[in-house]
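Beneath this line is the structure, given in structure tokens, with notes to follow.
Chain naming here is simple, since letters A, B, ... match the order of the sequence lines and numbering starts at 1 in each.
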2 protein chains.
Amino acid sequence: MLKYEVMNTCIRVFADSDQINRCREDLKSKEEGFLELADVLNLAGNAVRLKILYLLKQENELCPCDLSDILGMTVPAISQHLKKLKDAGIVTTKKSGQTIFYSVEAHSQRIISSVLDLFNLPNTIPAL
Amino acid sequence: MLKYEVMNTCIRVFADSDQINRCREDLKSKEEGFLELADVLNLAGNAVRLKILYLLKQENELCPCDLSDILGMTVPAISQHLKKLKDAGIVTTKKSGQTIFYSVEAHSQRIISSVLDLFNLPNTIPAL
DNA sequence: TTTGTATTTAAGTGATTGCTTAAATACATT
DNA sequence: AATGTATTTAAGCAATCACTTAAATACAAA
């Protein structure tokens, strides 16, 4: 039967095709939002970057050198993480002398605060 | 000077060493929390897994085959994502006949709901 | 103008990711 | 017992990640 070849999946006798279609429609309408949110979560889903975002929010602004000292990592390693965050528009920079201060971009403050608030949820995941 | 060799970083004349030390202490006390949260965010920071979590929450439970159909991906690809979520204790399974239903693990409902609620924040990131 | 400081960029590397296809496993149904 | 269905596991692979070291850039200060 052509149908199954096209679907390229198993033949579920008891599948609820209404449910499947409803879910597909729903996802389609939210596709862009999922990609954007996944991007932010992916950036925050690295312990170093999560700490950087926490520190920038907490201290208002920090330079790569400060972060390097605080996190005990080389400056280039920090710089590359900051670049990712800046390319995504999550952090912004301000030059002062030869020091470059990084801070959380105004439009991203809310989502970053919300992400960091997850820290305070008890019982995050029992398996870890 | 030995100091700089040990620190292995740049020499910041204007560095605020009180700030640096305060931040270091603060991070140390929260280290484990950052690792756990980063793990969850990293798992959710993939569009496919984010959709899976959304669907499982929305539909209560779904089998790999359903998800394969809904997301238009092969069953093994879905299965491997589900394995990651299950290994992290975020989802759980229930057997019914030869179908295995996945759902969000009770203890993870809150954090997953909170993560999915980020979807509703307006102006997520302007750059994307 | 030379030196020093702060940062970024580049190149290289080993580890991890997310898929693919094929095979294995588990178990219903006939 | 044999076949079919649902799922997982394994192996392979290109792409990405997160670091390293070295070099380049930018600019302040002597």
- Whole angstrom is fine here: how far is it from CG in B:Asp87 over to P in C:dG18? 14 Å
- Message: If I take atom CD1 in residue B:Ile100 and atom C1' in nucleotide D:dT5, what distance separates them, rounded to the nearest angstrom?
- Response: 12 Å
- Message: Could you tell me how far apart A:Lys94 (NZ) and C:dA6 (C1') are, to the nearest whole angstrom?
- Response: 16 Å
- Note on the structure: The complete set of ring-ring contact (aromatic ring centres under 6.0 Å, His included) pairs with one or both residues in residues 51-77 of chain B, sequence neighbours excluded, reads A:Phe34-B:Tyr54
- Item | Sub-4.5 Å side-chain heavy-atom contact between A:Ser103 and A:Asn60 | no
- Note on the structure: To the nearest angstrom, the CG-C1' distance between B:Leu82 and C:dC19 comes to 15 Å
- Please tell me which of the listed nucleotides, C:dT7, D:dT7, C:dT9, lies nearest to the side chain of A:Lys83? C:dT9
- Task: Looking only at non-hydrogen atoms, find the nearest pair between B:Phe101 and B:Cys63 and report the distance.
- Result: CD2-N, 3.9 Å
Output a table of nitrogen or oxygen pairs between the protein and nucleotides 23-30 of chain C separated by less than 3.5 Å.
from: C:dC27; atom 1: OP1; to: B:Lys95; atom 2: NZ; distance (Å): 3.4

- Note on the structure: Between CD1 of B:Ile78 and P of D:dT8 the distance, given in whole Å, is 11 Å
- Message: Is any side-chain heavy atom of B:Ile90 closer than 4.5 Å to one of B:Glu105?
- Response: no
- Message: Could you check whether A:Glu25 pairs with A:Lys30 (Lys NZ or Arg NE/NH1/NH2 to Asp/Glu carboxylate O, under 4.0 Å)?
- Response: no
- note: B:Leu71, atom CG; C:dG18, atom C1'; distance rounded to Å ~ 14 Å
- With a 4.0 Å cut-off, would you call B:Asp18 and B:Arg22 a salt bridge? no
- Message: Distance check, rounded to the nearest 0.5 Å: A:Leu62 atom CG versus A:Thr99 atom OG1?
- Response: 11.5 Å
- Message: Please tell me if B:Thr74 has a side-chain N or O lying less than 4.0 Å from either OP1 or OP2 of C:dT20.
- Response: yes
- Item | Close side-chain approach of A:Ser68 and A:Ile78, heavy atoms under 4.5 Å | yes
Sub-3.5 Å pairs of nitrogen or oxygen atoms, protein against nucleotides 16-18 of chain D:
from: D:dA18; atom 1: OP1; to: A:Asn46; atom 2: ND2; distance (Å): 2.8
from: D:dA18; atom 1: OP2; to: A:Arg49; atom 2: NH1; distance (Å): 3.0
from: D:dA18; atom 1: OP2; to: A:Lys84; atom 2: NZ; distance (Å): 3.0

- Task: Give the rounded distance in Å between these two atoms: CD of B:Glu61 and P of D:dT7.
- Result: 12 Å
- Message: Just the rounded figure in Å: distance from P of C:dT5 to CG of A:Asp66.
- Response: 16 Å
- Message: Over all strands shown, is B:Tyr102 touching base, sugar-phosphate only, or nothing at heavy-atom distances under 4.0 angstrom?
- Response: sugar-phosphate
- Message: Could you tell me if the side chain of B:His81 sits less than 4.5 Å from the side chain of B:Leu67, heavy atoms only?
- Response: no
